[in-house]
Amino acid sequence: MNAIESSSFAVSEFLSTPLKLHIGGQQIAASKGQTFDTLDPGTGGILATLAAGDAGDVDAAVAAARKAFETSGWATMPPADRAVILHRLADLIDQNAAILGEIESKDVGKPRGQALAFDVPHAAQTFRYYADLSVHTRRREPFAVSGNEAWSVRHPYGVCGFIFPWNFPFLLIGWGVAPALAAGNTIVIKPAEDTPLSALLFARLAEQAGVPPGVVNVVTGLGSVAGAALANHPGINRISFTGSPEIGRLIGEAAGRNLIPAKLELGGKGAAVLFDDVAVQNAAEALVGAVTLNAGQVCCTATRWLVQEKVADEFISKAVDAMSKLQIGYGGDEGTQLGPVVSQKQRDRVLGYIERGKAEGAEAYLPGGLADVSQYKDGFYIKPALLGGSPDNIVAREEVFGPVAYVMTFKDEEEAISLVNRSRYGLSNSVWTKDLDRATRVAEKLVAGNSWINAHNLFPHGVSYGGVNLSGTGGGVLGPDTLEDYYRKQSVVRPL
Ligand code: NAI
Ligand code: MG
């Protein structure tokens, strides 16, 4: 039971046969035989061909999840027994890290080292965290009342739908489904069409770990077909979505019609506020790292850099220096720091934003543009850009989702706070200063789900992470309260 199939598991073999849907523990072709391709954004070539599920396939997956909820024993298993299986799943993820990291790197374009250092192990750890938390969560809890005896009892919610984006496909599966599974739910996953591969491996690993067939189902396919069918399906009890606010609205509308809870994790326009007492070199390097992580396709990362006037020139020149030194290249090649963006569509979108930002009068400290990576002429590579100027510029306001930062200056604390809070997004920001009183004060005044101090992009297990306003609704992930979301709580009362 070590590697996914055997020690001879070859990624090339996995990719060479058309991949099927994963429903009820079986690998099944799409009902009408339809397929679609996922690309390797580093080469622009086809990476694999997959089944394109439709509404009928989603029906079959929801039915399999319902059957598993009612009959597989997963929902009624003592939490400690489920936790043993989820720990085994976490171990299998770690044991298969090389395979998962390679597939994730090829499908998304991200540097393989980043997938290996962060995406894969962090996902594994999320299963351990929620497995342990579920063991220490009371099934029954008394209410403090007089005249009656009353308690609440936690049940698993039922069949939970998950629709995931393409930026961190495997990591987000871990963040999303670990609490749902730990609470005893069964699930249907619709991965993004640009990056569907690791979800299929995940379903196989789950069953190898002992999760009963039908508990984890995966329907690959297009968002407008399979995604819409899942979001609108009357047979699901909850829906969780991570992606753009535009599609998030559609998911919320569908959930409203079906009267089910929706957990929406949407985009961001994160700011970093740098006061003039910071170590400028360190801060510049850290923020360049943050905005180019995953080619900038990170919803919470720092894309608006607010710098106090006194150190602005120094900061900009150090940031430009660090940004222009980044090694752009294929995700699987040694030394690559900045891989391609996920698709041609995303590349055009990012380049379009850079052009519109300049046309609106932004200063181009580093102009960005198409990157030429010699062996990979057809890959979707972009040079990082640093623009700056007015907070009204489109690049200061909208989510670009590429290696593009926008720098602005401020005079004092009050101005910095109001600049950050202009955004309609509310996911995450950071405050950089040696003065911890000021850091705390400012961090708590920024309207968003998360504030970080002297760092950006921190995701410790056990700390809630999620957005407000245009960045989402539904309580976020990674925290103890997320496990609660996946229980259906019932009150029981009897007179004394
Ligand atoms: P998207 O929101 O269209 O896709 C996310 C997921 O939703 C995918 O699985 C997709 O198949 C599915 N989907 C698409 N249409 C659907 C529908 N009608 N019903 C149900 N599911 C549907 O994201 P997209 O178009 O790939 O990226 C657009 C922009 O969204 C990005 O440039 C970025 O700004 C933002 N985004 C934010 C993410 C985040 O983590 N917050 C992740 C991905 C995108
Ligand atoms: Mg791909």
Side-chain angles (χ1 to χ4, degrees), residues 15 19 36-50 52-53 55 58 103-110 161-169 171-173 175-176 189-199 218-233 239-255 262 264-270 294-301 303 331 339-350 352-353 379-380 398-402 404 425-428 449 465-467 470-472 476-477:
L15 298 176
L19 290 155
F36 71 106
D37 297 325
T38 184
L39 304 186
D40 175 342
T43 64
I46 293 173
L47 182 59
T49 299
L50 298 104
V58 170
I103 282 169
E104 199 74 340
S105 162
K106 284 198 157 88
D107 211 2
V108 187
K110 66 177 72 204
F162 287 89
I163 299 176
F164 287 115
W166 41 256
N167 54 347
F168 288 89
L171 177 76
L172 294 177
I173 287 176
W175 287 10
I189 297 175
K190 208 303 278 177
E193 48 268 57
D194 284 323
T195 60
L197 295 170
S198 55
V218 179
V219 180
T220 50
L222 303 183
S224 54
V225 180
L230 181 58
N232 286 284
H233 202 287
I239 184 85
S240 302
F241 169 83
T242 311
S244 62
E246 296 73 31
I247 305 297
R249 280 206 174 89
L250 298 179
I251 306 294
E253 284 168 12
L264 305 176
E265 304 292 328
L266 310 175
K269 192 69 197 172
N294 212 41
Q297 303 161 119
V298 183
C299 48
C300 55
T301 207
T303 59
V341 294
V342 74
S343 62
Q344 174 82 50
K345 178 179 154 204
Q346 190 62 15
R347 183 170 74 178
D348 292 347
R349 188 184 141 98
V350 174
Y353 267 119
F380 312 129
E398 295 193 10
E399 182 171 46
V400 175
F401 236 53
V404 181
Y425 287 99
L427 185 50
S428 30
Y465 161 79
L470 203 54
S471 295
V477 294

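Counting convention: from 1, in listed order, for ligands and their atoms alike. Note that the structure is a prediction, hence the values are computed from the model and not measured.
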Note the single closest protein heavy atom to [atom], along with its residue, its atom name and the distance in Å.
| atom | result |
| --- | --- |
| atom 44 (C) of ligand 1 | Phe401 CE2, 3.7 Å |
| atom 29 (C) of ligand 1 | Ser244 CB, 3.9 Å |
| atom 35 (C) of ligand 1 | Glu399 OE1, 3.7 Å |

Need the ligand 1 atom indices (1-based, order shown) with element for anything under 4.0 Å from a heavy-atom of [X].
| X | result |
| --- | --- |
| Lys345 | 25 (O) |
| Ile251 | 20 (C) |
| Gly227 | 19 (N), 20 (C), 21 (N) |
| Phe164 | 6 (C), 8 (C), 9 (O) |
| Ala228 | 19 (N), 20 (C) |

Taking the minimum heavy-atom distance to atom 11 (O) of ligand 1, which of Glu398, Glu193, Arg349, Glu246 ranks first?
-> Glu193

For atom 15 (N) of ligand 1, which candidate among Ile247, Thr242, Val350 holds the nearest heavy atom?
->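 Looking at heavy atoms only, Ile247 sits closest to atom 15 (N) of ligand 1.
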
Measure from atom 4 (O) of ligand 1 to the protein's non-hydrogen atoms and state whether any distance is below 4.0 Å.
-> no

Check: Tyr465 ring centroid to Trp175 ring centroid under 6.0 Å |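 Yes.
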
Close aromatic pair by centroid cut-off 6.0 Å: Phe401 and Trp166 | yes

Return all side-chain donor-acceptor pairs below 3.5 angstrom for residues 219-233, not counting sequence neighbours, or 'none' if the list is empty.
{"unit_1": "Thr220", "atom_1": "OG1", "unit_2": "Ala51", "atom_2": "O", "d": "2.7"}
{"unit_1": "Asn232", "atom_1": "OD1", "unit_2": "Arg257", "atom_2": "NH2", "d": "2.9"}
{"unit_1": "Asn232", "atom_1": "ND2", "unit_2": "Ala228", "atom_2": "O", "d": "2.8"}
{"unit_1": "His233", "atom_1": "ND1", "unit_2": "Gly235", "atom_2": "N", "d": "2.8"}
{"unit_1": "His233", "atom_1": "NE2", "unit_2": "Asp59", "atom_2": "OD1", "d": "2.6"}

Lys345 NZ to Asp194 CG distance, which is reported to the nearest 0.5 Å = 7.5 Å

Rounded to the nearest 0.5 angstrom, the CZ-OG1 distance for Phe380 and Thr43 is 8.0 Å

Tally of protein N, O or S atoms, where distance to the Mg ion (ligand 2) is under 2.8 Å = 5

Any N or O of [X] that comes nearer than 3.5 Å to an N or O of ligand 1?
| X | value |
| --- | --- |
| Phe241 | no |
| Leu266 | yes |
| Glu265 | no |

Give a yes/no on ligand 1: does Gly267 have at least one heavy atom closer than 4.0 angstrom to it?
-> yes

Answer yes or no: is there a side-chain heavy-atom contact under 4.5 Å between Cys299 and Leu427?
->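 SC-SC contact between Cys299 and Leu427 confirmed.
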
